[in-house]
Amino acid sequence: MLRARLAALRAAGEELRRRPAREVIDALGAVLDRWRDPAGPERRALERDLPEATGFAPENVRVGLARALATWSGDALRAVAERELARGGAWVHGHEVTSVLLAGSIPMPALLSVIAPLAVRSAALVKTAARDPITAPLVARSIAAVDPQLGRCVEVVAFPGAEAACMEVFLSADCVLATGSDATIAAVGARVGPEQALLRHGHRVSLALLGPGACAGPALDEAARGIALDTALWDQLGCLSPIAVYAATDAAGCARVAAALALALDAVGRELPRGEIEAGAAALFAGERAGAELRAAAGQRVSVHVARDASWAVVCEPDCALRPAPLHRFVRVHPFPAPEGLGAALAPLAGHLAGAAIAGFGSARREVEAELRALGASRVCAPGKLQAPPLDWPRDGLETLGSLVKASDESH
């Protein structure tokens, strides 16, 4: 079945590459405009079906989609395409077929990963994520509804990752766009040949950093509300979900930050309740909470704030030591000597940092932002904005569309 679908995609892709680039981009722009419409069929279907498939609360899906898709318009796609694909009067294109390996349960990366190969006129063979069987087929149907020929250039498949023969065929495409854990990415890399292109989106985390100007008073309250929203959206399961807050303050100030964040998480939880949590994740969450409480009882400078229904937890740590992140709205607050100690504090996360929400650094903001980007952060913004990156966000340092262009392409 996979070999047959690959053959069909190669045939459809030949026709796709003969089409004018702007015509293809306009069609995909119309798809994005449909997805932005809260009353459109795609949004209604996703808001209806995604909660049951993924465990997210319906309110979280509704608000998360509204915020994330607000700027993902057809005009935004055309602007990205002009910037990354146009070469004077000509347009570059991608490989014959791109295999897209999806992971996770958040729909926006899936939406963009299906659209991006088509934007460079490459047919796409898409393997759905085990935790989200809804988004990719819905994207394919919406593409076909807008442009039937373009719809024939997308095939969505589902099979267990352990099916070695199926995975071998799936990974035989000219280009592979892989998302997943570091172990998954390494396994894919070992099976992709040197003549193929491989784009990797591995394990990433995000943080919040508060400078001296945001560690007390109204500025702290505002920052805490933003961090709580970034944490609650998608239940802290995305690469742009902050797992920890680093505060440029002393122990007393750090405790103040933790208390403010606890209040903010409690408030946002009433509007965006946490969704279902698997048994293993719940055990990890409870274990890390219990460990923190034991350290506090033993006299260590640790404080723990927990929701009455255990739907969130905030642990104020005494140092910058990296500790497990159980996710599902579990946040650690660390003190650090600002700004000169920032690099040392975050060094263990180098290469795994996706984004950072920062506030309160005043004139030192540029220096802090530069240090974060040197550590690999590709998104730096204000608290409350992490989960709404623009369409041209260079995820993992890769261009949204340009990264899929064939290296030996002759523009036309």
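Owing to the predicted nature of the structure, the values given are computational and were not obtained by experimental measurement.
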**Request:** Have a look at L327 and tell me which of T231, I277, L237 forms a side-chain contact (heavy atoms from CB on, under 4.5 Å) with it.
**Result:** L237
**Request:** May I ask you to check whether S311 and D309 show a side-chain donor-acceptor distance below 3.5 Å?
**Result:** yes
**Asked** Does some side-chain heavy atom of M1 sit less than 4.5 Å from a side-chain heavy atom of E155?
**Response** no
**Prompt:** What's the spacing between R78 CZ and L28 CG if we round to 0.5 Å?
**Reply:** 10.5 Å
**Request:** Give a yes or no on whether E222 atom CD has more than 12 heavy-atom contacts from other residues, nucleotides or ligands under 6.0 Å away.
**Result:** no
**Fill in**
Rounded to the nearest 0.5 Å, the CG atom of L125 sits from the CG atom of L177 at a distance of 12.0 Å
**Item:** Among H328, R329, Q387, Q236, side chain to side chain donor-acceptor pair (under 3.5 Å) partner for S241
**Value:** Q387
**Asked** When you look at R34 and D37, which way does the salt bridge (Lys or Arg N to Asp or Glu O under 4.0 Å) test go after all the steps?
**Response** CA-CA 5 Å; R34 286 169 65 106; D37 181 5; over 6 Å; no
**Item:** T128 side-chain N/O to A136 backbone N/O, donor-acceptor pair under 3.5 Å
**Value:** no
**Asked** Taking it one step at a time, do R62 and E47 satisfy salt bridge (Lys or Arg N to Asp or Glu O under 4.0 Å)?
**Response** CA-CA 6 Å; R62 178 179 53 80; E47 291 178 14; 5.7 Å; no
**Message:** Among residues at least two apart in sequence or on other chains, which ones pass side-chain contact (heavy atoms from CB on, under 4.5 Å) with E82?
**Reply:** R22, A86, W91
**Other residues, nucleotides, ligands: >12 heavy atoms within 6.0 Å of E276 CD** = no
**Prompt:** When rounded to the nearest 0.5 angstrom, what is the spacing between SG in C153 and CZ in R17?
**Reply:** 8.5 Å
**Request:** Fit a plane to each ring of H203 and H352, take the angle between them on a 0 to 90° scale, and name the class: parallel (under 30°), tilted (30 to 60°) or perpendicular (over 60°).
**Result:** tilted
